[in-house]
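Read through the structure below, which is laid out as structure tokens, and then see the notes.
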Number of protein chains: 2
Amino acid sequence: MSDDVDLKPELCNCLAVRQAARHVSQFYDQCLAPAGLRTTQFSILAKLKRRGPMTINALAREMVMDRTTLGRNIQPLQREGLVAAVTGSTDRRSKELHLTAAGAARLAAAIKGWAKAQARFEAVFGAERSRELRAMMRAVSASELADDLAAAAR
Amino acid sequence: MSDDVDLKPELCNCLAVRQAARHVSQFYDQCLAPAGLRTTQFSILAKLKRRGPMTINALAREMVMDRTTLGRNIQPLQREGLVAAVTGSTDRRSKELHLTAAGAARLAAAIKGWAKAQARFEAVFGAERSRELRAMMRAVSASELADDLAAAAR
DNA sequence: TTGACAAACGTGTATATGCGCTTATATAGG
DNA sequence: CCTATATAAGCGCATATACACGTTTGTCAA
């Protein structure tokens, strides 16, 4: 054997998911651009709409996103007045993120673009296959990959 | 009906893939960190190893990545001498990316970490399911989502 | 030859991503 | 009450991502 491991990039699960994410993100971004939102921003507003006010930590967990990443992602939204961050009433360390009226309006305006992207995706990929894809992605997002790592470090 | 579209983030194909990509990337990044490489960097070196010297455009296409993104991603690799960029011999506009000896060495050192990540992923997710996942992701990456958009703009 | 067009790449700008470290606040134990 | 510890969030740093625009170079036809 020439190498320890035969280096076939097409076997890398990480690369596969990242490439797909780039491709899909570009498409959804194009569809949302007329409304002045990126996909990440749309997701944040949609979550807040559906779940109501949440702290940064809680929202970050739901988004499968680092806390500091979310903290930075809300900055453009705050600047535009789409999201308001208020100090928690019971815990003054925390900051509750609220969807503003302007935020709800922007979200409503963007839904057309999102629905278009979604429809196109399912037309190309198939509704059933799309369901399978989402289920698989959810399983990946929920998988506890790093547990082993922590154990090995001990 | 309350809304034009019922706003269920769990139906968004884009969000599902992005979240999975974040989660998996973090894990692979942790496994590659001891070798001093990010997953993107590892992918680039691996591609160059397997395919030989390539131009920025060609490599970007293969990575399902914007040309300018790749151009910036190779900067840290150039700085560390892992990749060399030389002006194309036949076309002086193009730049051929070459894996250096140091780059090959770094790649070899990182393969252990990658194999560990890969093994852990397949242990958690299953080998067969992982194959399906990669096939699905490749299909997504290859799908021509934006064609419609260009047609609609006409 | 030269001028129009296309292709390859770089730059400016903005957002996205996460790690390590720090600060402010809460909570439990003594 | 006060201290040790845990938790919420911010900041510095570096990389990742892509669009709009500009520059250089190649190509082809008049």
Side-chain angles (χ1 to χ4, degrees), chain A residues 14-15 17-30 32-34 36-44 54-61 63-80 82 85-97 146 149, chain B residues 14-15 17-30 32-34 36-44 54-61 63-80 82 85-97 146 149:
Chain A
C14 184
L15 180 61
V17 178
R18 284 175 67 90
Q19 289 185 351
R22 282 194 289 263
H23 191 62
V24 177
S25 294
Q26 267 187 57
F27 176 62
Y28 275 71
D29 270 337
Q30 285 172 24
L32 290 175
L37 285 179
R38 308 291 211 80
T39 56
T40 304
Q41 302 174 335
F42 179 81
S43 302
I44 292 173
M54 304 178 70
T55 66
I56 290 183
N57 260 324
L59 184 53
R61 263 192 303 273
M63 301 282 296
V64 192
M65 189 182 282
D66 188 88
R67 173 186 62 77
T68 64
T69 301
L70 178 60
R72 294 207 148 99
N73 285 348
I74 60 172
Q75 287 179 359
L77 297 174
Q78 280 185 284
R79 193 192 322 132
E80 292 198 71
L82 308 180
V86 304
T87 301
S89 46
T90 65
D91 189 338
R92 287 196 325 229
R93 291 171 302 183
S94 67
K95 269 164 76 171
E96 273 180 359
L97 303 176
L149 233 52
Chain B
C14 185
L15 180 61
V17 178
R18 283 174 69 91
Q19 290 185 350
R22 282 195 290 263
H23 191 63
V24 176
S25 295
Q26 267 188 60
F27 176 62
Y28 275 70
D29 270 337
Q30 285 173 23
L32 290 175
L37 285 179
R38 309 292 212 77
T39 55
T40 305
Q41 301 175 335
F42 180 81
S43 302
I44 292 173
M54 303 179 68
T55 67
I56 291 183
N57 260 325
L59 184 53
R61 264 192 302 272
M63 302 281 295
V64 192
M65 187 182 283
D66 189 89
R67 174 186 63 77
T68 64
T69 301
L70 178 60
R72 292 203 151 104
N73 284 349
I74 60 173
Q75 287 179 359
L77 298 173
Q78 281 185 285
R79 192 190 325 130
E80 292 199 70
L82 307 180
V86 303
T87 302
S89 46
T90 64
D91 188 338
R92 286 194 328 228
R93 289 171 303 183
S94 68
K95 269 165 74 172
E96 274 180 358
L97 304 176
L149 232 53

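Computed from a predicted model, the values in this text were never measured in an experiment. So you know, we letter chains A, B, ... as the sequences are listed, proteins then strands, and number each from 1.
- For A/R93 and C/dT22, the CZ to P distance is 19 Å, given to the nearest whole Å.
- Residue A/Q26 has a polar side-chain atom (N or O) positioned under 4.0 Å from OP1 or OP2 of D/dC19.
- Judged by distance alone, with hydrogens and angles left aside, the side-chain atoms of B/R18 form no donor-acceptor pair with the main-chain N or O of A/T40 at under 3.5 Å.
- The side chain of A/N57 contributes no N or O atom lying less than 4.0 Å from OP1 or OP2 of D/dT7.
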Exercise. Could you walk me through whether B/I44 and B/L97 pass the side chain to side chain contact (heavy atoms under 4.5 Å, CB included) check?
Worked result: CA-CA 10 Å; B/I44 292 173; B/L97 304 176; 5.8 Å; no
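- In this structure, CD of B/Q19 is placed 11 Å from P of C/dG18, rounded to the nearest angstrom.
- Between A/I56 atom CD1 and D/dA8 atom C1' the separation is 8 Å, expressed in whole Å.
- Side-chain N/O atoms of A/R18 include one lying less than 4.0 angstrom from OP1 or OP2 on D/dT17.
- Between D/dA16 and B/T69, no contact under 4.0 Å exists linking OP1 or OP2 to a side-chain N or O.
- Distances shorter than 4.0 Å separate some side-chain N or O of A/R22 from OP1 or OP2 on D/dT17.
- Under 4.0 angstrom from either OP1 or OP2 of D/dA16 there lies at least one side-chain N or O belonging to B/T40.
- Counting only heavy atoms from C-beta on, A/P76 has its side chain closest to C/dT15 among D/dT15, C/dT15, C/dG18.
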Problem set entry | Steps toward side chain to side chain contact (heavy atoms under 4.5 Å, CB included) verdict (A/M65, A/N73) | CA-CA 10 Å; A/M65 189 182 282; A/N73 285 348; 3.5 Å; yes
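- Taking atom CD of B/E80 as the reference point, atom C1' of D/dT15 lies 12 Å away to the nearest angstrom.
- In this structure, a donor-acceptor pair under 3.5 Å is absent between the side chains of A/N57 and A/T55.
- Between A/T55 and D/dA8 there is no side-chain polar atom (N or O) within less than 4.0 angstrom of OP1 or OP2.
- Between C/dT17 and A/N73, a contact under 4.0 Å exists linking OP1 or OP2 to a side-chain N or O.
- What separates OH of B/Y28 from P of D/dT15 is a distance of 23 Å, to the nearest Å.
- When all heavy atoms are compared, the tightest approach of B/T39 to B/D29 is N-OD1, 2.9 Å.
- Nearest-nucleotide positions on DNA chain D for A/H23 and A/R61 put A/R61 closer to the 5' end.
- Nucleic acid contact class of B/Q75 (heavy atoms, under 4.0 Å, all strands): none.
- Within the 4.0 Å cut-off from OP1 or OP2 of D/dT15, not a single side-chain nitrogen or oxygen of A/R72 is found.
- Checked by distance alone, A/T68 brings a side-chain donor or acceptor within 3.5 Å of a matching partner on the base of C/dC19.
- Comparing C/dC19, D/dA9, D/dA16 by their nearest atom to the side chain of A/S94 picks out D/dA9.
- Among all heavy-atom pairs drawn from B/A21 and B/S25, the shortest one is O-OG, 2.6 Å.
- Straight-line distance from the CG atom of A/L70 to the C1' atom of C/dT15: 14 Å, rounded to whole Å.
- The CD-C1' distance, from A/Q78 to D/dA9, rounds to 12 Å in whole Å.
- Counting to the nearest Å, the P atom of C/dT23 and the CZ atom of A/R92 are 19 Å from each other.
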